[in-house]
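Okay, structure first, notes after.
Being a predicted model, the structure only gives us computed values, none of them experimental. What's counted below: heavy atoms across the whole structure, side chains too, no hydrogens, waters or symmetry copies.
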Amino acid sequence: MVLETTADAAILRVTGALDLALAPKLQQVVERAARLQPALMVIDLTGVDFLASAGMSVLLRAHRTRPENTQVRLVAESRIILRPLQVTRLTDELEVHPTMSAALAG
Amino acid sequence: MDAVVEAVRRAFADDAGAPVAVVTRSLTPEEAVRLLPGGPDGLTVTVPDAAALRDLLPDVAVTGAVLVADDTDSRLLFTTGPVGRQHLLVAEGVRAATEELLDTVRRLRGEAALIDALHSVARRLTAQLDIDRIVQDATDAATTVTGAAFGAFFYNLINQFGESYTLYTISGVPRERFSRFPMPRNTEVFAPTFDGQGTVRSDDITADPRFGRNEPYRGMPEGHLPVRSYLAVSVVSPTSGEVLGGFFFGHPEHARFTRRHEYVTEGIAGYAAIALDNARLFERERNLATELSRSMLPVVPDIPGLELVTRYLPAATGMKIGGDWFDVIQLPSGSTAFVIGDVVGHGVSAATIMGQIRTAIRSYALLELAPSDLLRNVSQLAGNLFDYRFATCFYAVHDPVDDTLTYANAGHLPAVLIHPDDSIEQIGEALAQPLGVGSHFPERTAAFPAGADLVLYTDGLVESRSRDLTLGIEWLIEALAAVREATDTAGACDELIEKLTLGRHDDDIALIHVHHAKGGAA
């Protein structure tokens, strides 16, 4: 789990299984990133090989509790990540981009 | 090093005080060991043994020699001239001057090694929850640091019937050496340890007035390893004050255990107590969660015309339990509701939330709310129950009058509907968001005539770290064709679970299989 910050974006890179064990750590990093009140918070899930419901609930929470002027975007391309998000229709509110550059460009 | 070598070199002189020629030779580590078998102790200045010296330099008539060595370097200074005693006095002087310092260094090194040992034992012990490993690790560590010939740890556990029993680990000797002896009883020697009265340390336990007063052995049973030095330390729970067990160390020689050994062992016993406490608390929490989720399993009613197989399997590993549930509810109108769901997370909190959601669904179901309204109401309730955690739920009602299935799905995996002609359809995928997240839950209707099957399941069946959800669902659908052909549907469902999870599901699993029998009530 890595948090990088640029002038107006906070980028969180998650790797491994985003399950019950990793979800609380992502939650902590999301909170750290939110305190910076970036214009854009990008959660990069490209390196995630398993997305459990505990992980999805952290993503939802990151979106719903974001600071007023912050946008939250996800980067994911693989079916492993997209299918669970589609099945739960979290894609209705979570903004998912296939690549980091697409996410940064909006 | 160089300064000492130079000083020693100048000390070589004849009886009149005139310097004699000195050869300085750097030794290889192998040569150094021959002259100083114990190795250097800090910066060591010593007169090498004459025989060893002759061995090393067979062709040289050495009349005087001094070895200067430290951990990295060894140099031999020797002469063949008419040397006096001055170099011997200097060597002795250096030794005398540094001895006290070396003693201090040795003592501090000993302390540091002890602290290191304690620290690493503490980290290892308190980082695990497996009782067997904790006790073996602690016994091995304590046996090593005390230099005991053998060590044992006897500990008490409570079985499921509330009865206490004692197990033990052995270190230093094979377990077989002890296996034919009975468990130590609360005799006068052992009592202070098992009663938690404090450490017992004896230079010679056979001379202790408490020793050998009990039948039948009057001392150690025959064949017992000989013990004279004896050290025993109680392991006392820091939370309950209860004695969890005791460490026992023995050595056949007299006075092998010191005050320091006692101190270190008490330290290890303290950490072992914390680790055992943690393990017991963890065990208790896990059993509580298992018990909770088991007690919430519904009694599945007999419903005319429907053949039902339901399964709930707690996670096979770890504390991962309690999120999944299923329910089969007979409605006042004669319809039947099927419910399957999954609360995010595991453990007691997930199990209790699941219990509340299940009850809410039951209540609304008995009011005959339509699936869409039912899930909307439950979602509203659930939003207040948990903070961005959510639950997924598939809710389907079978109406036997027109043989339809009306369903809504709050973010749960699609259900599988097998039509009478064996064609397989997935229904309800991505109809709505989970409970606690969504507010609109559209419903759909499908025909559910005699000869059709409905299968509801949770993600533990089709998804894991090593299995992509999409593939998992494909495998499930393939496997369901075989279940449909089987005469024993329940057995076939068990086989299906075993096959799909390879017997190693690390998530819990719930499954409902409904077969609408031909010629049923409808």
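No hydrogens or angles considered: a donor-acceptor pair under 3.5 Å links the side chains of Gln433(B) and Glu93(A). Under the 3.5 Å distance criterion, with hydrogens and angles disregarded, no donor-acceptor pair is assigned to the side chains of Ser57(A) and Arg389(B).
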| field | Derivation of the side chain to side chain contact (heavy atoms under 4.5 Å, CB included) call for Leu469(B) and Ile80(A) | value | CA-CA 7 Å; Leu469(B) 176 61; Ile80(A) 290 177; over 6 Å; no
| message | Before you tell me yes or no, could you show the steps for Asp19(A) and Arg465(B) under salt bridge (Lys or Arg N to Asp or Glu O under 4.0 Å), namely the whole-Å CA-CA distance, both residues' side-chain angles and the distance that decides it to 0.1 Å? | response | CA-CA 9 Å; Asp19(A) 56 9; Arg465(B) 272 207 73 155; 5.1 Å; no
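Residues Phe390(B) and Met56(A) meet the side-chain proximity criterion, which asks for heavy atoms closer than 4.5 Å.
Identified by a heavy-atom distance below 4.5 Å to chain B, contributing residues of residues 33-48 of chain A are lacking entirely.
Of all heavy-atom pairs spanning Arg64(A) and Val437(B), the tightest one is NH2-O, 3.2 Å. The heavy-atom pair separating Thr88(A) from Pro434(B) by the smallest distance is O-CD, 3.2 Å. Closest approach of Gly345(B) to Leu20(A), counting heavy atoms only: CA-CD1, 3.7 Å. Residues Glu463(B) and Leu51(A) approach most closely at OE2-O, 3.8 Å, considering heavy atoms.
Counting heavy atoms of neighbouring residues, nucleotides and ligands inside a 6.0 Å radius, atom CZ of Arg66(A) exceeds 12 of them.
Atoms OG1 and CZ, from Thr470(B) and Arg79(A) in turn, are 4.0 Å apart once rounded to the nearest 0.5 Å. To the nearest 0.5 Å, atoms CZ (Phe50(A)) and OG (Ser464(B)) are separated by 6.5 Å.
With a threshold of 4.5 angstrom between heavy atoms, Ile473(B) approaches chain A through side-chain atoms but not through N, CA, C or O.
Side-chain atoms of Arg89(A) do not come within 3.5 Å of backbone N or O of Ala432(B) as any donor-acceptor pair.
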